[in-house]
Each structure stands twice: as C-alpha cells, then as structure tokens.
2 protein chains.
Amino acid sequence: MSGSPTIRDVAKRAGVAVSTASLALNGKPQVSQQTRLRVLQAAEDLDYSPHAAAKNLADGRTRTIGLVNPTTVEHLFTSSGFFMRLIRGMHRAATEEGYSVSLHIADSEEEAKAAIRAAVRTRSADGFVITNPTVSSSYLRDFKRHRAPVVFIGRPVEDAVYVDNDNVEVSRVGVRHLIECGHRRIAFLNGPEQFTFCHDRLLGYRTALEEAGLPYDQGLVWRSEQTAEAAYEVVRAGLAEHRFSALFAVSGIQAVGAVRAFRDSGLAVPDDVSVVCVDDTELTRYSIPPLTAVALHENWLGYWAVKLLLHAIKMQTATYPVLLPGELVIRGSTAPSRERVTEVSGRRG
Amino acid sequence: MSGSPTIRDVAKRAGVAVSTASLALNGKPQVSQQTRLRVLQAAEDLDYSPHAAAKNLADGRTRTIGLVNPTTVEHLFTSSGFFMRLIRGMHRAATEEGYSVSLHIADSEEEAKAAIRAAVRTRSADGFVITNPTVSSSYLRDFKRHRAPVVFIGRPVEDAVYVDNDNVEVSRVGVRHLIECGHRRIAFLNGPEQFTFCHDRLLGYRTALEEAGLPYDQGLVWRSEQTAEAAYEVVRAGLAEHRFSALFAVSGIQAVGAVRAFRDSGLAVPDDVSVVCVDDTELTRYSIPPLTAVALHENWLGYWAVKLLLHAIKMQTATYPVLLPGELVIRGSTAPSRERVTEVSGRRG
DNA sequence: CCTCTTTGTCGAAACGGTTCGACTAAGTCG
DNA sequence: CGACTTAGTCGAACCGTTTCGACAAAGAGG
C-alpha cells in the first residue's frame with residue numbers, strides 16, 4: 001500500500017509469477033515476447049525500480065566499486081584537481097556498466113587498511129581501486145582472502161594489476177624537448193624515492209640523455225619533497241654548486257618552487273634557464289612564465305582503472321597493466337639554449 | 001563451509017537463537033550480560049562481520065549517503081582542490097557515524113537528475129548532499145516524493161536545508177581589509193550572477209563600503225566568467241575607463257587574470273593596485289605576488305553538510321542552514337594606498 | 001500460595017529480489 | 001501416433017539480517 005512497488009506488485013499486475021517477472025525484467029531469454037511486454041508495461045505503470053540491497057542480497061553482486069584513497073601524497077590530493085579528475089574518469093567508466101562508486105578516504109595507512117578491511121568484510125563493494133600504493137603488500141592479503149579484485153592507480157612496488165602514466169615516457173618526452181632546444185646540462189628535480197613514479201621518471205630522464213648521447217651527471221639529480229618550499233631550497237643549493245641551463249621537475253609544485261629560486265638568484269626563465277615539469281595544471285599554466293609541461297590525463301587513469309576492475313570482476317581473471325602516455329604542452333618556460341643552439345625541432349602540437 | 005560466517009554460525013557457536021545473537025551484536029539492552037559475552041566471543045572467534053546488504057534489506061537503512069555533483073562550475077571542481085577538500089570533510093563526518101559516501105557525478109543538469117532519480121528509487125542511499133544548486137527546484141520534487149533528506153552545499157535559490165560559506169561576510173572581511181589599507185576606490189570583480197554566492201559576495205562588498213561611509217559606484221562592479229582569461233579582458237576594459245586603487249575578486253582564478261591585466265598595463269601589485277580575492281589555494285598562494293585572500297574551509301562545508309544530513313535522517317526533521325566564516329590571510333598583494341593613507345589596522349592573524 | 005509483572009530467550013515472519021527444479025503445453029521426429 | 005525435446009511458466013527456497021509476538025522462568029506484591 002504505502003511503500004514503493006515491489007516486483008510482486010509488478011507480477012500481479014502483469015498476471016504472471018514473480019519469478020517470471022524477474023526473468024522478464026532482467027532480459028533473460030526464456031520469456032516469451034508477449035509476457036515480457038506485459039511485464040515491462042506493468043513495471044512502467046507502477047513506476048517500479050528494483051531495490052538495490054535486495055538484488056545485492058539475492059545475487060551477491062553489489063554493483064559498487066570502492067575507491068580507496070590513503071592520502072599520503074597530501075599535496076597531490078588536496079590541492080590540485082588530480083583527485084577530481086581521477087574520480088570523474090572512474091565514475092564515467094562505472095556508470096557505463098551500471099556500477100556506482102563509493103569512497104574510502106583515509107588519512108593514514110592504518111586507517112586505510114581498517115577502512116578496506118571493513119568494506120571487504122561487509123561485502124559492500126565488488127572490487128576496489130586503490131590510489132597511492134606506496135605500501136601495497138599489506139593490502140593485498142586482505143583482498144586475496146576475500147577474493148575481492150583490486151586495481152591500483154600508480155605502479156605498486158610489487159606485482160598487481162595497475163594503471164599508471166607511462167612515467168618513463170613522461171619524463172623522457174619532457175627532457176627530450178629540452179635537449180632539442182639545445183640544452184646539454186639539464187638538472188633533474190626528483191621527488192621522494194619511495195614513489196615508483198619518481199623512480200620511473202628518473203629512468204626516463206636517463207633514457208633521454210642516453211639517446212642524445214649526453215652524459216649522466218649524478219650531481220644534477222636532486223631530490224625534494226613535493227612542495228614549492230622544499231624545491232626552492234634544493235634548487236638554491238644546486239645553483240650554488242652546479243652549472244646547467246635547464247631543469248626538469250617531476251611535479252608542477254616543485255617547478256614553481258624552482259622558478260622562484262631562479263628568480264631570486266637573478267636568473268630569468270626561460271632566458272637564462274629553461275624549465276619543464278610534469279602536470280599541466282592551473283598552477284603551472286598561470287605561473288609566470290606559463291610552464292612548459294607534460295600533461296597527464298588523470299581522468300583516463302580513473303577510467304581505465306575501473307574498466308580493468310570491472311573486467312576482473314566479471315571474468316574472475318587477472319588483467320594486464322595499462323600505461324597511459326603523457327602529452328608535451330609547450331608554453332613559455334622553455335627556450336633555445338643560449339650556450340649552444342643546435343637543431344631545435346620540438347613538435348609544437 | 002565456504003563463504004563468510006553468518007549470524008547463524010555465530011548463534012550456533014554461542015548456543016543461542018539467531019534473534020538473540022542479533023540482539024547481542026547490536027547492543028540491545030534485553031540480553032543478559034552473560035549471553036552477550038558468549039555471542040561477542042563467538043563472533044570474534046569466527047571473524048564475523050554482518051553483511052551490509054542484508055542489514056539494509058532488513059531494517060531499511062543503507063548507511064550510505066549520496067554525494068551529487070552536477071559539475072556546472074567546471075573550473076571549481078576539476079581544477080582546484082575544492083572538491084577533494086569537500087569530500088574529505090564529508091567522509092569524515094560520515095565515518096564518524098558509521099556511514100559511507102557514494103558518488104554521483106554528472107556533466108549536465110539532466111544527467112544529474114537522472115542519477116539522483118535512480119539513486120533515490122533504488123533506495124541506495126539514506127540521504128543526499130548536493131553541490132552547486134543552481135537549479136534546485138527540479139531536484140527537490142523527486143526527493144520529497146521519496147522522503148529522502150537532502151542538504152545542499154551552497155545556498156540554493158529556494159528554501160532548503162543547506163550549508164554554505166557566509167559569503168556576505170567573506171567579501172565584507174576582504175573589502176574591509178582594503179579599506180583599512182586606505183583604499184577608497186575599490187573595484188569588485190564578480191562572477192556569473194546566477195550563483196547565489198556571487199550575489200551574496202556583492203552584498204558583502206556593498207556592506208563593507210557602507211560601513212566605511214564610502215560611496216557605491218556601479219561602474220566599479222564588473223562581471224566575468226570564472227576563468228583567468230575572462231577576468232583579464234574585463235579588467236583591461238575596466239582599467240581603461242575607471243580609476244581605482246584596489247580590486248576584490250570573487251575567485252582566485254579571476255584574481256590571477258586580473259593581476260596579469262595589471263601587469264600588462266604597467267601597474268605593479270601591490271604598489272600601484274592592491275588585490276584581494278576569495279579562496280586561498282596553491283594557485284593564489286604561489287602567484288607573484290602571493291595574493292591576500294579570504295580562505296574558505298571547504299572541508300568543514302562537507303563536514304557540516306553531512307552532519308546536518310545525518311541529523312535529518314535520524315530525527316526525521318528538518319534542520320537549519322549553517323554558515324561558515326572565511327578567514328582573511330594577508331599575503332603580498334595588498335599594501336597601503338598611496339593616494340591617502342588612513343589608519344591601517346588589519347588584524348594580521 | 002497465587003497472580004502479575006519483568007526479564008531473557010526464542011521461532012517465525014518479514015525485507016525484495018534471484019534462481020533452480022518441476023511442470024505443462026506445444027512442437028518435432030521417426 | 002507415441003516418444004522426446006523444447007519453450008515458457010511457476011512455486012519454493014534462498015540470500016543474511018532485524019523485529020515482532022509468544023513464552024518460560026523468576027521475582028514482586030498481596
């Protein structure tokens with residue numbers, strides 16, 4: 001009488017058994033065209049929609065995926081739009097297949113594990129996407145035990161299905177641009193080593209140098225936390241001890257700090273030193289000068305993570321990692337080297 | 001045998017009926033201390049946790065709240081950390097009371113309504129938080145029909161429970177700071193009028209002027225989309241026609257455009273013109289000069305939205321709007337007016 | 001000592017779906 | 001025409017919990 005209509009109401013109105021109504025509503029083949037139509041019409045008339053929890057209970061599928069976000073890279077998630085773009089991509093992939101996304105945010109590793117554990121045990125999601133897999137090992141156990149598929153965003157230290165930017169390529173492309181501008185002594189501003197993306201980007205830097213026949217100088221590889229202030233200090237220190245005409249930074253916020261360090265040292269960007277960084281955000285786009293950057297497509301990261309996850313959920317089988325390319329966006333922080341201008345052939349696309 | 005333990009397993013192991021086990025596990029008073037302990041111990045032994053969907057089906061509570069985000073203010077949500085901060089606050093409030101958050105993102109008004117409708121009808125959330133209530137009326141109907149409590153983030157055009165920044169106060173505080181710096185002709189760079197926050201901030205601007213006995217000059221109130229480029233154009237145009245020594249912008253990104261316009265017109269910030277904006281983000285903090293801003297606390301917006309929502313869910317009763325104060329953060333874009341320095345008494349907190 | 005409450009426990013009936021095995025009425029085949 | 005498949009439908013069981021009404025035992029009041 002009062003509440004929403006149930007499948008029983010629909011069945012009654014269509015003059016069929018409940019089971020038949022269920023079959024018809026779910027498009028199962030064994031119902032005759034005629035009954036199917038009657039049932040569908042009845043459902044329409046009653047403005048019926050199935051109760052999510054009841055479905056879940058009956059067939060064991062929650063049609064929900066959990067996004068687990070241990071917020072270890074504070075800056076990345078709270079400041080830039082990274083997270084939002086990720087989420088939008090995830091959400092799109094999920095809705096495409098009738099799934100919804102639920103959140104599990106945690107401020108510490110412990111909290112994240114507790115959240116995951118709870119979610120897995122109450123069977124409130126069919127699978128999980130986990131960002132920031134700095135310490136992935138401990139997670140995996142719980143998932144395996146409960147047969148919950150997992151996809152990581154960002155390459156985890158150990159074997160697991162994941163989606164990530166092709167970080168080697170990302171920095172390779174950026175550094176190559178600098179080389180093509182004629183720079184020969186290129187500093188590399190890295191982030192904390194425990195992140196695989198930092199490791200990979202360093203590799204891309206070395207690769208680019210190697211390909212160009214340039215020497216790899218340990219002294220030009222610096223490391224700082226992912227903040228403008230930390231980057232500033234490191235670059236000031238580097239300036240005092242080394243000569244170079246360009247810098248590649250693994251994050252936009254670090255690049256901002258670097259640019260400030262140059263400015264405070266009386267060096268103009270790009271006239272005296274060129275800068276390329278990863279991530280083309282408002283922060284880098286509207287800094288002065290606008291920074292040439294390798295843009296990442298986080299929405300696609302999220303999208304593919306969910307696609308992979310859903311595949312795993314349905315097929316009960318593991319899948320392969322997916323690597324996404326970055327895209328060089330040439331803005332105002334790079335210029336031909338003044339020291340020695342060689343062929344400059346950067347594709348301005 | 002195979003699956004996770006159910007409450008039946010727990011009951012059996014504790015030697016009680018299923019119903020008693022349920023009572024004990026949920027801390028209901030009518031179980032004896034002794035049985036309660038036996039049940040709890042059994043649950044512990046079996047590593048039991050209740051099946052979320054089953055609970056939901058039985059008692060009708062999903063213990064989930066839906067976050068609906070019609071992404072109409074593109075910039076706000078995809079670029080700044082706004083959304084992430086909001087989410088973290090929401091998540092915190094939700095987990096505090098054993099709730100989880102599920103996402104419903106939409107790229108258009110229509111899509112958002114469809115998403116909401118589906119969520120409401122499948123009874124997959126106990127209530128909803130809706131951001132960007134530009135066109136709220138159409139939403140409300142669906143919710144009311146299904147008795148789903150809703151809290152808006154941002155003041156909607158029509159009556160409803162909501163949480164918002166105290167936008168009048170936000171700009172009042174910022175403008176007052178400029179006035180205290182001695183500025184008498186202060187331009188106001190507004191956003192699209194259909195947003196209530198723009199309306200309210202303009203009001204705050206007028207209030208501040210009035211309180212200081214300064215005239216309100218229509219010609220100094222400009223309007224642009226929420227992008228740096230749009231702001232740039234509007235400010236260039238304004239510069240050509242009006243004299244002023246300070247500007248208040250309703251968003252950080254617009255302020256960035258304005259600063260650029262000043263620079264390109266040969267005006268130094270803050271020496272020639274002071275700038276204050278709303279929202280103290282990386283973008284404004286690391287621009288040159290760092291912008292004096294009124295910081296908003298989006299995490300608290302999210303937090304209180306959920307608190308209010310949960311209150312409404314539990315008490316079955318409507319609640320009152322909550323307004324959050326902003327906080328003036330003095331950075332490098334404001335300086336005493338050169339024209340006529342009056343008492344400068346800004347609280348540098 | 002008998003009745004009336006209180007306390008603790010229990011079985012059974014929801015909640016709203018899906019799925020499985022059984023059944024009937026048509027075809028199909030030889 | 002009888003035996004065998006097949007298509008379509010149905011009733012019942014099940015998913016894992018909560019909740020309600022019944023009930024026995026114990027304690028209180030007269």
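Chain letters run A, B, ... following the sequence lines, proteins first, then strands; residues in each count from 1.
On the nucleic acid side, DNA chain C has its first and last nucleotide under 4.0 Å of a heavy atom of chain B at C:dG8 to C:dG16, going 5' to 3'.
Under a 3.5 Å cut-off, the side chain of B:S124 and the backbone N or O of B:A119 do form a donor-acceptor pair. Put simply, the side chain of B:R155 never gets that close to the backbone of B:A160: no donor and acceptor are under 3.5 Å apart.
Counting non-hydrogen atoms under 4.0 angstrom, A:S22 reaches a base of the nucleic acid. Within 4.0 Å (heavy atoms only), A:N26 reaches sugar-phosphate atoms of the nucleic acid but no base atom.
Ring geometry, A:H91 versus B:H104: the interplanar angle exceeds 60°, so the pair is classed perpendicular (tilted spans 30 to 60°). Ring geometry for A:F195 against A:F197 counts as parallel: the plane angle stays under 30°, on a 0 to 90° scale with 60° as the upper cut.
Comparing the end axes of the helix from C:dC1-D:dG30 to C:dG30-D:dC1, each fitted to five base pairs by superposing C1' atoms of four pairs onto the next four, gives an inter-axis angle of 40° (nearest 10 degrees).
Note that A:R92 lies in the cation-pi zone of A:W300, set by a 6.0 Å cut-off to the ring centre and a 45° limit from the axis.
Spacing between atom CG of B:L46 and atom P of D:dT17 amounts to 12 Å, rounded to whole angstrom units. At whole-Å resolution of the value, CG in A:L57 and C1' in D:dA13 are 13 Å apart. Regarding A:N56, its CG atom lies at a distance of 9 Å from the C1' atom of D:dC15, rounded to whole Å. Atom NE2 in A:H51 sits about 14 Å away from atom C1' in D:dC15, given to the nearest Å. The distance between atom NZ of B:K28 and atom P of D:dT17, rounded to the nearest whole Å, is 14 Å. The separation between B:K12 atom NZ and D:dT17 atom C1' is 16 Å, rounded to whole Å. Between the CZ atom of A:R123 and the P atom of D:dG16 there is a distance of 8 Å, given to the nearest Å.
Each of B:A58 and A:A21 was matched to the nucleotide of DNA chain C holding its nearest heavy atom; the match closer to the 5' end belongs to B:A58.
A:I313 meets the side-chain contact (heavy atoms from CB on, under 4.5 Å) test with A:I65, A:Y99, A:D126, A:P149, A:L309, A:L310; sequence neighbours excluded. Residues meeting the side-chain contact (heavy atoms from CB on, under 4.5 Å) test with A:A305, sequence neighbours left out: A:V129, A:V151, A:I153, A:V163. Here B:R36 pairs with nothing under the salt bridge (Lys or Arg N to Asp or Glu O under 4.0 Å) rule; sequence neighbours left out.
When the shell of 6.0 Å around CD of A:Q30 is examined, it contains more than 12 heavy atoms from other residues, nucleotides or ligands. Around the CD atom of B:Q34, the shell of radius 6.0 Å holds no more than 12 heavy atoms that belong to other residues, nucleotides or ligands.
The line from CG of A:L46 to OG of A:S4 is 11.0 Å long, rounded to the nearest 0.5 Å.
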Dump every N/O contact between nucleotides 7-12 of chain D and the protein below 3.5 Å, one line per pair.
residue : atom : partner : partner atom : Å
D:dT9   : OP1  : A:S32   : OG           : 3.2
D:dT9   : OP1  : A:T35   : OG1          : 2.8
D:dT9   : OP2  : A:S32   : N            : 3.0
D:dT9   : OP2  : A:S32   : OG           : 3.3
D:dT9   : OP2  : A:T35   : OG1          : 2.6
D:dC10  : OP2  : A:A17   : N            : 2.8
D:dC10  : OP2  : A:T20   : OG1          : 3.1
D:dG11  : N7   : A:S19   : OG           : 3.3
D:dG11  : O6   : A:S19   : OG           : 3.0

